[in-house]
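If you're wondering where the values come from, they're calculated on a predicted model, not measured in any experiment.
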Amino acid sequence: MQTAADAGDAAARLAAVPAGHRVALVDPRFVGHVHALRLGLTDPRFPAAAVPGALTAQPEARGALIRALRRATAAVGAGAPVAGPDADAAPEDRTVPGRIAVALEAEGTAVKRPELGSLTAAVPTDAGARAAAESARDEVDDEAVRLRSAVKAHDGFFTTYGISPYSRYIARWCARRGLTPNQVTTASLITALIAAGAAATGTRGGYVAAGILLLVSFVLDCTDGQLARYSLQYSTMGAWLDATFDRAKEYAYYAGLAIGAVRGGDDVWTLALGAMVLQACRHVVDFSFNEANHDAVANTSPTAALSDKLDSVGWTVWARRMIVLPIGERWAMIAVLTALTTPRVVFYALLVGCSLAACYTTAGRLLRSLTRKARRTDRAARALADLADSGPLAQGVAALAPGLRGGFTAPLVALLGTLVMIGAALFLPYGSWLTVAAAAVYALLSGLAVARPLKGALDWLVPPFFRAGEYVTILVLAARSDVPHAVPAAFGLVSAVAYHHYDTVYRIRGGTGAPPQWLVRTIGGHEGRTALVAVLAAVLTHTSGFTTALTALAAAVALVVLVESIRFWVSSSAPAVHDEGELA
């Protein structure tokens, strides 16, 4: 810590700090809570941030900070204070850090101003003001506020009342012992994998242990985010791990249950894959709808207004959050049913519960879309096109075919292609080349659906239809093959492809765009993979080669996707944001 005589001296001292270091400017008269300073000066997600009396800049914003300080020196003269009376400025902007923050914003550098709530941050100018600030500071328990703010604001009922009341203290315990959120996230993954292994034993004791361990894994899953918020340890790697490990844990547990059931004489692999497909399709509905309306213009809807009105009634908030079967409620249900019943009952409950939740959320989104007067932006259309995951076949059709006009044409064409593909897989003789012909029709209609920018009111349905078309086709063909281990191989293939789709979502959320086109082309796009599985079913009808081919395809997709994903998320171009996650 160094004390500067004026803005010029501060600029010189800041310029002397080695490149790559964060710097901060704090008014020596500052009075407030330590956590207020922590929020303003240590959050790594923003290039610049400020609270009353304090300003920080990451390396990328340091140049702008020093330029602003030097301009201030030139304006008032060396040795003169920058702060002074200004009737038009807010109190916090009359200090040196406050004025420099305003100057940074005027230059185009965004300055994050965190919400402090009951925390105190002030720069008193006389003894009376200082006494008042100190009194306000002493009346509020800094640590209690820090613990409360560690808990995510909008969580499910089970998480809010069954986990967070004590997991926040676990987070504090971890922080005081130097543990990082990434270490807790990894511990959660390992615990879930051990739970899956326990379930795979197929014994009652194994199922009981699996249920308990799954709940422990979820406690740790809540703790890692609370630790990140408590200690402000946000990181790119943490965002990636948190976003992907939840899916890995859940799907690994499904596989463990399926293995355990087979050991007990009950093959439930088809149910396990069905539960995974349903859950993935639910998520893509959420992701597509949110991206379509991320920056919509004139975003109004009577349905949304009704939803906001219902949110003002306390019990309806919790009821609506529980209806969608978010991750807390879902994992609690899985854990209890695993311990007390059988894997088949667990998967039946998942399929029924997630189906009802999907109907509820999708109906609400449809009503909002049909009653909303909004213009979708180019960014939203690009995001939906990326989520569609169109490969070379669909892209070729889209490049050659004229775009079909009509506000609802794109989702209707996508739905038609999906129904043709799934219908052929379900009802045509297994291994029929007519199924391959249906895959060709699916690729053609997929290209037509994305030939025009996806800016229609219901165009957010296009990616979910494509996910259903691909995932359900793989499930049906594997289940109908009557080949040993074909469904477990299909489970692996869908897992690998779903990882690619989740990776696409989180890249878009981070503002870095979708994975590179070479990756999408290499793994074929949704229509290419669907057509390939249809061809494999026709060529390798009722032979073990079908299982081998599905396994090889799953391994190839997983290898390419994981290598590129890891390369991106550890690179400097990865988005430095912390994802709070979805309720579901």
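Here ring-ring contact (aromatic ring centres under 6.0 Å, His included) pairs that include residues 466-499, with residues two or more places apart or in two chains, are W269-F491, F466-H526, Y471-H501.
Under the 4.0 Å criterion applied to side-chain N and carboxylate O atoms, K249 and D221 are assigned as salt-bridge partners. For the pair R507 and D503, the salt-bridge criterion is met [side-chain N within less than 4.0 Å of a carboxylate O].
Of the possible donor and acceptor atoms, one in the side chain of T473 sits under 3.5 Å from a partner among the backbone N and O of G469. Between the side chain of R282 and the backbone N or O of V324, at least one donor-acceptor pair lies under 3.5 Å. A donor-acceptor contact shorter than 3.5 Å links the side chain of T504 to the backbone of H500. S288 contributes no side-chain N or O that, together with a main-chain N or O of V285, makes up a donor-acceptor pair within less than 3.5 Å. When atom types are taken as modelled, the side chain of T435 and the backbone of A534 share no donor-acceptor pair closer than 3.5 angstrom. Although no hydrogens or angles enter the test, the distance criterion places a donor-acceptor pair under 3.5 Å between the side chain of E527 and the main chain of L393. With hydrogens and angles ignored, the 3.5 Å screen pairs no side-chain donor or acceptor of S481 with any backbone N or O of H542. Of the possible polar contacts, none joining the R529 side chain to the E470 backbone as a donor-acceptor pair under 3.5 Å is found. A distance-only check finds a donor-acceptor pair linking the side chain of Q395 to the backbone of S390 [under 3.5 Å]. Under a 3.5 Å cut-off, the side chain of T541 and the backbone N or O of A538 do form a donor-acceptor pair.
Atom OG1 in T547 sits 9.5 Å away from atom CG in L540 (nearest 0.5 Å). The distance from atom SG of C281 to atom CG of D286, rounded to the nearest 0.5 Å, is 11.5 Å. From L461, atom CG reaches atom CG of L384 across 10.0 Å, with rounding to the nearest 0.5 Å. Residue L477 holds its CG atom at 6.0 Å from OH of Y430, rounded to the nearest 0.5 Å. The SG atom of C174 sits 9.5 Å away from atom CG of D224, with the distance rounded to the nearest 0.5 Å. C222 contributes atom SG, which lies 9.5 Å from atom CD1 of I170 (distance to the nearest 0.5 angstrom).
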Criterion side-chain contact (heavy atoms from CB on, under 4.5 Å) on V533 and L493, from CA distance to verdict:
CA-CA 10 Å; V533 173; L493 175 57; 4.0 Å; yes

Between W331 and L214, does a side-chain contact (heavy atoms from CB on, under 4.5 Å) hold up when you go through it step by step?
CA-CA 7 Å; W331 281 29; L214 187 65; 4.0 Å; yes

Go through the steps for L241 and W569 under the test side-chain contact (heavy atoms from CB on, under 4.5 Å), then give the verdict.
CA-CA 9 Å; L241 294 178; W569 286 103; over 6 Å; no

For F568 and T512: C-alpha separation, side-chain torsions, deciding distance, then whether side-chain contact (heavy atoms from CB on, under 4.5 Å) applies.
CA-CA 10 Å; F568 170 77; T512 57; 3.3 Å; yes

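In terms of heavy-atom proximity, S544 sits nearest to V483 at CA-CG1, 3.7 Å. Closest approach of L550 and A489 over heavy atoms only: CB-CB, 3.8 Å. Of all heavy-atom pairs spanning F347 and Y254, the tightest one is CZ-O, 3.5 Å. What you find for Y442 and G417 is that their closest heavy atoms are CD1-O, 3.3 Å. L189 and A248 make their closest contact through CD1-CB, 4.5 Å (heavy atoms, listed as atom of the first residue, atom of the second, distance). The shortest non-hydrogen separation linking R229 to K152 is NH2-N, 3.6 Å.
Counting heavy atoms from C-beta on, the side chains of L448 and L445 come closer than 4.5 Å. Looking at heavy atoms from C-beta onward, V505 lies out of side-chain contact with H283 at the 4.5 angstrom threshold. Taking the side chain as every heavy atom from C-beta outward, V277 and V472 approach each other to under 4.5 Å. Contact of the Y234 side chain with the P181 side chain is not registered, since no non-hydrogen atoms from C-beta on lie closer than 4.5 Å. Residues V268 and L257 fail the side-chain proximity criterion, which asks for heavy atoms closer than 4.5 Å. Using a 4.5 Å cut-off on side-chain heavy atoms (C-beta onward), T342 and D266 make no contact. When side chains are defined from C-beta on, M276 counts as touching L273, because their heavy atoms get closer than 4.5 Å. Between R467 and P464, every side-chain heavy-atom pair lies at or beyond the 4.5 Å cut-off.
Ring geometry for Y161 against F157 counts as tilted: the plane angle lies between 30° and 60°, on a 0 to 90° scale. In this pair, F289 and W460 present their aromatic rings perpendicular. The plane angle is above 60°, beyond the 30 to 60° band.
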Just distance, no hydrogens or angles: give the donor-acceptor pairs under 3.5 Å from side chains in residues 193-204, sequence neighbours left out.
{"unit_1": "T201", "atom_1": "OG1", "unit_2": "A198", "atom_2": "O", "d": "2.6"}
{"unit_1": "T201", "atom_1": "OG1", "unit_2": "T203", "atom_2": "OG1", "d": "3.2"}
{"unit_1": "T203", "atom_1": "OG1", "unit_2": "G206", "atom_2": "N", "d": "3.0"}
{"unit_1": "R204", "atom_1": "NH1", "unit_2": "T338", "atom_2": "O", "d": "3.2"}
{"unit_1": "R204", "atom_1": "NH1", "unit_2": "A339", "atom_2": "O", "d": "2.9"}
{"unit_1": "R204", "atom_1": "NH1", "unit_2": "T341", "atom_2": "O", "d": "3.0"}
{"unit_1": "R204", "atom_1": "NH2", "unit_2": "T341", "atom_2": "O", "d": "2.6"}

